[in-house]
Amino acid sequence: VTHELLARAQRATADSGIDALLITPGPDLRYLTGYDALPLERLTCLVLPANGDAFLVAPRLEVPAAKASPAGNLGIDIKGYGETDSAYAMVASFLSTAKVVGLDDHMPAVQVFAFRDAMPDVEQRLAGEVVHPLRVVKTQPEIDALQAAADAIDRVHARVPEWLRAGRTEREVGRDIADAIIEEGHVSVDFVIVGSGPNGASPHHEVSDRVIGANDIVVVDIGGTMPSGYCSDCTRMYALGTPPADFMAYYPALVEAQATSVASVRPGVTAESVDSAGRDLLTAAGYGEHFIHRTGHGIGLETHENPYIVQGNDQLLEPGMAFSVEPGVYLEGLHGARIEDIVVVTQDGVRALNRRPHELVIIEPA
Ligand code: ZN
Ligand code: ZN
Ligand code: ZN
């Protein structure tokens with residue numbers, strides 16, 4: 001986080017015809033200031049005017065935490081307010097000439113309404129139109145942070161065979177995986193999907209009390225947040241004993257589809273073309289109708305952010321964009337499969353951050 005980034009955000013704010021951004025706790029505040037603030041009912045808000053000095057409004061009792069955060073080293077004024085002051089009126093008084101403000105995309109509705117009441121004649125827009133185009137292109141330190149997250153989740157996948165056993169429930173296995181996500185360096189577990197047998201055919205199944213069977217296929221899709229704030233997200237496929245023929249009928253095509261989408265990534269191609277690359281292959285193999293979601297999502301300070309790798313998104317890829325490539329095949333009532341890596345667009349192509357092999361991991365009975 002640097003003062004230069006704030007200056008860039010201010011120029012982008014001016015270019016968007018917005019007079020000031022109002023950024024509340026969440027990924028955009030962390031991105032712009034490094035302050036990982038608690039989302040409280042009391043207002044904490046970075047006021048970033050298109051012209052003039054940025055400042056942070058915080059409840060007086062949060063001021064020490066704000067000063068101790070990276071925001072304290074940015075040289076921006078931190079204005080504390082007391083329990084009986086109106087923080088909204090205070091912000092409004094500093095923005096008396098503003099006609100348009102951009103509100104944080106994640107601001108609670110109650111705060112949006114309080115700003116509207118404090119500034120009734122000011123048009124409200126979303127700050128995301130300014131901040132998301134900045135966030136979508138990662139700097140080298142951000143890519144390094146995503147690589148560290150990918151390495152940490154790869155280490156968890158390497159250990160999954162220790163815990164995945166017939167006779168255990170998905171929930172029991174999921175608990176071991178969650179512990180490992182922390183042990184390997186994350187500060188929080190964002191999600192753990194252990195989809196065994198037919199549960200693997202539901203892409204967002206998390207865990208259940210289903211007992212894993214002796215010949216099950218298991219989808220393991222896991223992720224967490226690192227101390228840096230950057231997230232991991234990776235899916236690998238496991239089989240207990242011999243995988244069934246109707247699974248092996250599509251798994252090689254899925255591996256090829258995932259690799260084909262990754263290989264299609266380079267600067268200047270559209271996001272949707274990366275989706276098409278793998279999808280066309282699965283469709284030709286007869287599984288197109290079983291690939292029921294988009295190919296991927298951007299990742300950074302949030303697990304799901306721009307750019308979305310989906311039909312209809314003709315956004316051109318640029319060096320520094322980071323996203324998942326995660327095609328899947330889902331056969332209802334039987335099993336499903338997905339392979340997911342985070343990739344980064346480089347100057348002339350692509351680099352995968354996750355490095356575990358894509359082959360089905362076969363776990364023999366103990
Ligand atoms: Zn995932
Ligand atoms: Zn994902
Ligand atoms: Zn978001």
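Bear in mind that the values here come from a model prediction, so they are computed numbers and not experimental data. Every number for a ligand or one of its atoms is a count from 1 in the order of the listing.
For the pair Arg30 and Tyr35, the cation-pi criterion (under 6.0 Å, within 45° of the ring axis) is not fulfilled.
Between the side chain of Glu305 and the backbone N or O of Glu302, at least one donor-acceptor pair lies under 3.5 Å.
For the residue pair Asp246 and His335, a side-chain donor N or O sits within less than 3.5 Å of a side-chain acceptor on the partner. No donor-acceptor contact under 3.5 angstrom links the side chains of Thr24 and His106, judged on distance only. Tyr31 and His132 share no donor-acceptor pair across their side chains, judged by distance under 3.5 Å alone.
Excluding waters, the count of protein N/O/S atoms less than 2.8 Å from the Zn ion (ligand 2) comes to 4.
Checking Gln258, Glu326, Glu340 one by one against Thr235, the side-chain hydrogen bond (donor to acceptor under 3.5 Å, both in side chains) holds for a single residue, Glu340.
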